[in-house]
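This is a predicted model, so every value here is computed, not measured. Each chain gets a letter, A, B and so on, in the order its sequence line appears, and its residues count up from 1.
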Amino acid sequence: MDGFRFFPQALDPDAQAALTAEVLTLVEAAPFFNPVTPGGKPFSVRMTNLGPLGWVSDRSGYRYQPTHPVTGRPWPAIPAVLLSLWRELGGCETPPDACLVNLYRDGAKMGLHQDRDEADFAFPVVSVSLGDPAVFRIGPAGGGPTTSLRLNSGDVCVLSGPARLARHGVDRVLAGGSRLIPGGGRLNLTLRRARTA
DNA sequence: GAGTGGCG
DNA sequence: GTAG
């Protein structure tokens with residue numbers, strides 16, 4: 001997968017713990033909600049966002065919006081450490097304007113999809129894994145054979161260039177593999193530039 | 001259970 | 001249409 005870059009253990013255990021604590025504190029003001037597809041089917045992951053814009057899905061469709069769908073308040077700010085990861089590993093000077101926070105509890109998964117709700121695909125997607133390991137799947141943008149990859153806590157993935165529109169998803173989460181998240185599970189932080197610079 | 005994929 |  002040209003354009004797909006994998007940075008194992010980009011965050012050491014102390015940095016993982018600090019980031020997890022910071023994100024969980026921030027999202028107290030923007031609680032995880034239960035999204036549904038435009039067809040009304042619930043996702044198995046729970047979601048919230050950080051930053052000027054947040055990705056949401058409901059019966060009206062997929063979109064980025066500046067406020068939490070339940071509280072109506074703006075999303076909390078993106079932590080500085082994530083802005084640094086975006087710049088250093090994503091190689092992008094323009095900062096992200098959205099950070100989707102997906103919480104995978106027992107049995108949660110994410111079907112194969114593309115991130116294509118952003119205005120300019122020249123900007124990368126930077127994904128940070130925290131907590132339980134996940135079996136990630138990725139394949140070409142145009143369809144075809146996929147490969148699977150285990151994502152551990154502290155790993156960072158970058159989708160850019162030809163891989164920016166890669167199909168990807170999470171087949172399953174390996175429960176109990178980490179004690180990082182209270183109550184267990186996996187937290188995935190996905191940084192994106194939703195609007196043009 | 002694993003892999004693939006409608007999809008614009 | 002949609003990450004189900």
Side-chain angles (χ1 to χ4, degrees), chain A residues 1-4 6 23 27 30-51 53-70 75 78 82 90 96-121 123-152 155-160 162-177 185-195:
Chain A
M1 288 294 315
D2 202 37
F4 175 74
F6 178 54
V23 169
V27 304
F32 287 102
F33 57 94
N34 297 105
V36 296
T37 67
K41 304 287 181 65
F43 283 72
S44 58
V45 300
R46 307 188 71 219
M47 294 180 178
T48 187
N49 290 271
L50 301 172
L53 292 168
W55 189 86
V56 299
S57 174
D58 59 23
R59 283 178 174 76
S60 301
Y62 296 161
R63 66 192 174 279
Y64 283 94
Q65 66 177 42
T67 56
H68 190 285
V70 177
W75 308 101
I78 299 174
L82 291 175
D97 59 7
C99 178
L100 177 60
V101 181
N102 281 161
L103 176 62
Y104 294 75
R105 293 231 119 122
D106 56 9
K109 53 193 166 49
M110 181 72 74
L112 267 195
H113 68 278
Q114 294 172 290
D115 290 13
R116 45 183 293 165
D117 300 311
E118 301 75 33
D120 186 350
F121 302 136
F123 293 111
V125 170
V126 175
S127 166
V128 181
S129 294
L130 295 168
D132 286 340
V135 181
F136 181 72
R137 179 166 297 281
I138 184 165
T146 59
T147 56
S148 90
L149 174 67
R150 178 174 163 141
L151 299 183
N152 291 305
D155 292 349
V156 173
C157 295
V158 177
L159 276 61
S160 60
R164 174 60 180 78
L165 291 172
R167 295 169 185 267
H168 60 282
V170 173
D171 287 348
R172 68 188 198 105
V173 172
L174 308 174
R186 169 175 189 258
L187 214 44
N188 185 68
L189 312 176
T190 308
L191 296 156
R192 307 191 184 100
R193 182 80 204 184
R195 303 288 181 246

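The residue A:Gly61 sits close to a base: some heavy atom pair falls under 4.0 Å. Base engagement by A:Asp115 is indicated by at least one non-hydrogen atom pair under 4.0 Å involving a base atom. A:Gly144 comes within 4.0 angstrom of the backbone, heavy atoms only, and of no base. When heavy atoms are screened at a 4.0 angstrom cut-off, A:Ser57 is found touching no nucleic acid atom at all.
In this structure, CG of A:Leu149 is placed 13 Å from P of B:dG3, rounded to the nearest angstrom. Summarising the geometry, the separation between CG on A:Asp171 and P on B:dG5 is reported as 13 Å, rounded to the nearest angstrom. Atom P of nucleotide B:dG3 and atom CG of A:Leu112 are separated by 11 Å, given to the nearest angstrom. Rounding to whole angstrom units, CG of residue A:Leu174 and C1' of B:dG1 are separated by 14 Å.
Along DNA chain C, read 5' to 3', the first and last nucleotides having any atom under 4.0 Å from a heavy atom of chain A are C:dT2 to C:dG4.
The separation of C:dG1 from B:dG5, taken at their C1' atoms, amounts to 15 Å, rounded to a whole angstrom.
Distances shorter than 4.0 Å separate none of the side-chain N or O atoms of A:Arg172 from OP1 or OP2 on B:dG1.
Using modelled atom types, no side-chain atom of A:Thr48 and backbone atom of A:Val101 make a donor-acceptor pair closer than 3.5 Å. Side-chain atoms of A:Glu118 do not come within 3.5 Å of backbone N or O of A:Asp120 as any donor-acceptor pair. Checking side-chain atoms of A:Arg193 against main-chain N and O of A:Arg195 turns up a donor-acceptor pair under 3.5 Å.
Anti is the classification of B:dG1, since its glycosidic angle lies more than 90° from 0.
Taking the six-membered ring where tryptophan is involved, the planes of A:Trp55 and A:Tyr62 are tilted, since the angle between them lies from 30° to 60°.
Partner of A:Arg192 under the salt bridge (Lys or Arg N to Asp or Glu O under 4.0 Å) criterion, out of A:Asp115, A:Asp117, A:Asp97: A:Asp115 alone.
Judged by the 6.0 Å and 45° rule, A:Arg164 forms no cation-pi pair with A:Phe121.
For A:His68 and A:Phe33, the ring centers are positioned less than 6.0 Å apart.
In this structure, CG in A:Asn102 is found 11.5 Å from CZ in A:Arg46, a value given to the nearest 0.5 Å.
Interface residues of residues 39-49 of chain A facing DNA chain C, ordered by number: A:Lys41, A:Pro42, A:Phe43; criterion, heavy-atom separation under 4.0 Å.
Annotation for A:Asp106: atom CG does not count as buried by contact number, only 12 or fewer foreign heavy atoms lying within 6.0 Å.
Comparing A:Arg137 and A:Arg167 by the nucleotide of DNA chain B that holds the closest heavy atom to each, the one mapping nearer the 5' end is A:Arg137.
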